[in-house]
Amino acid sequence: MTLNKPTAIVIGAGFTGIATAYDLAMRGFQVDVLERGELGSGTSGRTHGLLHSGARYCVHDKESAIECIAENAILRRIAGQCIEANAGYFIAVNESDEAYADLFIHGARECDLPFKEVNTVDLLHMETQVTPAIRRAFCVQDGTFDPLRLAYAFAASAKKFGARFHPFTEVEELIQDRSNRVIAAKVWDRVTDTRTEFHADVWINTAGAWAGRIASMAGVHLPVKPVPGVMVAVEKRLCQNTINRLNEPGDGDIILPQRRMVVIGTTSFEAADVDYIPIFRDQIDQMVAQGSEMIPAIRDTAHRGAFMSSRPLVKAEGEARNLARTFKVYDHENADGVPGLFSLIGGEATTCRAMAEKITDLVTARFHLDVPCHTAEQELVSYRKFYQLDAEPA
Amino acid sequence: MSDLWKLTVRIHRFKPGKGSWVSEYPIQIHPDEYVLDAIEQIWAFQDRSLVYRHLCHHSTCGACGMRVNHSEHLTCITRIGDITRNGGTMDIEPLRNMPVISDLAVDMGQLFRLLDEIDFSQVQSSVLLPEEKGIQPARDKHEEIERLVDCLECGLCISACPAGATSTGYLGPAALAAIQLRSVAGDKSLLAMADDEHGAWRCHSAFACTDVCPSNVEPGWRIMDLRKKLVARRFSNLFGKDKEVAHE
């Protein structure tokens, strides 16, 4: 049975890679996932954990907003075990914010975003730490997800369909045949510190901020732009719902409750190499200053941690902050004459399932397989099953 | 610029088939950065063969627990300045009482299997815990009672537990705390699991688990509370049965 399955290798076990492994395995592929670190250790883990309602994008990036609205509902259904299903508020605290309200309402209506305006006095009763300077507030369906548990829930579900995960296994070289088809990879298994080879019929590059490096191993140029940002975790759960600044996206425009803390996000700048980026003090100060415009107590609360994450955005003209958050899939046979290699870049944690569906559609079409996607319908198995569902080694 | 500290980092290494050794790395780093940042820096610039677990870098995932200078820490929120001094040493080992996979990465499988069986959800939307009245652990401030149900499943308590190595079958502090939480939430069905020589009675009351817990779960206190519940359950089993017989 296994012998007849087409084989696929996914490079990069962030949310997208893991969700792709799940979808491919469910649609009949024998899947191996190669990840140079721990699952989710690159960019995915270092998220503030916002399950996007889509509201942040509804003014400037409607396509992303619409993707988020749909996927938010699906993830609440299939991954409820990983989500603090709180709501979110967009709040205006000064004149400039108030002036943005009309743009927001217009954008939200155009995207069919579920939202409602709430009385600021009522909000202050619920969220006692929000600044009394608040002028307007809109409720949306934000939530907070737990990154390890979301990654492991998708991975455990992929394992249920026979996928195998190889953490701490770094791809060092892609091997191509005479027609440029990618047929194998030389990898460094860092668990045992040994070199080995993997072979497969099809290769999916979901290495995120590092996807350009993987594509270049097959001579392909990929327009991925790593855009790091810093986030600060604060020692108290100062709000029970996500608090967003009702204005243009900016540094320190969001405060999320997570477990017993809140996380303030996020700055945005460009970097070429993102293997190690130190945390810049001035960015932390800036975010605390801006976060405390919405929740003043942030200024007086101890920090629990500060961290950096590199979003892999699709390269385009313009400032890093305003790059569209939507995703792109590539079949490199068409574009670059490299059969057997696909790439997926951009997107959001919230849309990882949809991204996986899109690229798996492309891959199955290449194999002339007519198998529809079912990942939106089935609840994921418990993330704790990740350690109990190991398939037999090949 | 001399605001960077010069440190020696000693990392306890292990690779299957290659055995154990200690690697030493000189680094320069700001004391406000975290121990995990030091390890990342070593990985990025000095030794790519180093294996360690990490995801969220802000104490929500529980992946980066290690022993630093001989005590358990969640390395992503442990400030270097709180661990050592300029010119000092950081000695980093994997957690104990769990099998080492490679270098600093341990196998969390046993813990996750137990917690799966106990099935207490560690991701909750609610603000307050389901604590019974009158028996909450002592807290300094009201706000700190919030979000007590917050086990990260990081394994620090298992590593720190002096009873951990005395029996391979010991449920351990995290699992026992989860059973206590379920019983507080109204589900008594798991008490039998805890009422065992490998359960709540194996604990030596050292409270090392409570000391190292990065999330104020207070497993030590919960195990003591669990013992009260277990004794009460034995009594009610004794007398409760008689009552049922009398009714028949």
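Here is how names work: the chains are called A, B, and so on, in the same order as the sequence lines, proteins then strands, and each is numbered from 1.
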Checking A/Thr47 against chain B: side chain, backbone, both or neither under 4.5 Å from a heavy atom?
backbone
Close side-chain approach of A/Phe307 to B/Cys56, heavy-atom, < 4.5 Å:
no
Flag, side chain of A/Lys385 to backbone of B/Phe112, donor-acceptor distance under 3.5 Å
no
Salt-bridge criterion met for A/Asp275 and B/Arg48 (N-O under 4.0 Å)
yes
Identify which part of A/Asp193 has an atom lying under 4.5 Å from any heavy atom of chain B, answering side chain, backbone, both or neither.
both
Contact origin within A/Phe145 toward chain B - heavy atom pairs under 4.5 Å:
neither
A/Val263, part contacting chain B, at a heavy-atom distance under 4.5 Å:
side chain
Among A/Gly305, A/Ala233, A/Ser41, the residue with the most heavy-atom pairs under 4.5 Å to chain B is A/Ser41
Looking at CG of A/Leu148 and SG of B/Cys154, how far apart are the two atoms once the value is rounded to the nearest 0.5 Å?
11.5 Å
Tell me if the NZ atom of B/Lys6 is crowded by more than 12 foreign heavy atoms within 6.0 Å.
no
Side-chain touch B/Leu111/A/Tyr387, heavy atoms, less than 4.5 angstrom
no
When rounded to the nearest 0.5 Å, the distance separating CD of B/Gln41 from OH of A/Tyr276 is 4.5 Å
Does some side-chain heavy atom of B/Asp32 sit less than 4.5 Å from a side-chain heavy atom of A/His303?
no
Minimal heavy-atom distance between B/Thr60 and A/Met261, with the atoms involved, is CB-CE, 3.9 Å
Would you mind telling me which of B/Ser49, B/Ala44, B/Ala63 has the largest number of heavy-atom pairs within less than 4.5 Å of chain A?
B/Ser49
Is there a donor in the side chain of A/Arg259 and an acceptor in the side chain of B/Ser215, or the other way round, less than 3.5 Å apart?
no
Could you check A/Arg237 against B/Asp150 for side-chain contact (heavy atoms from CB on, under 4.5 Å), going step by step and ending with a plain yes or no?
CA-CA 12 Å; A/Arg237 195 173 162 103; B/Asp150 211 10; over 6 Å; no
Between A/Glu38, A/Gln388, A/Arg304, the one whose heavy-atom pairs under 4.5 Å with chain B are most numerous:
A/Arg304
At a 4.5 Å cut-off on heavy atoms, which part of A/Arg46 comes close to chain B: side chain, backbone, both, or neither?
both
Chain B heavy atoms under 4.5 Å from A/Ser382: which part of the residue, side chain, backbone, both or neither?
side chain
Can you tell me if A/Arg384 uses its side chain to pair, donor with acceptor, with the backbone of B/Leu115 under 3.5 Å?
yes
For chain B, find which of A/Arg149, A/Arg281, A/Gln81 contributes the most heavy-atom pairs closer than 4.5 angstrom.
A/Arg149
Most contact-rich option vs chain B, by heavy-atom pairs under 4.5 angstrom, among A/Gly143, A/Cys82, A/Gly45, is A/Gly45
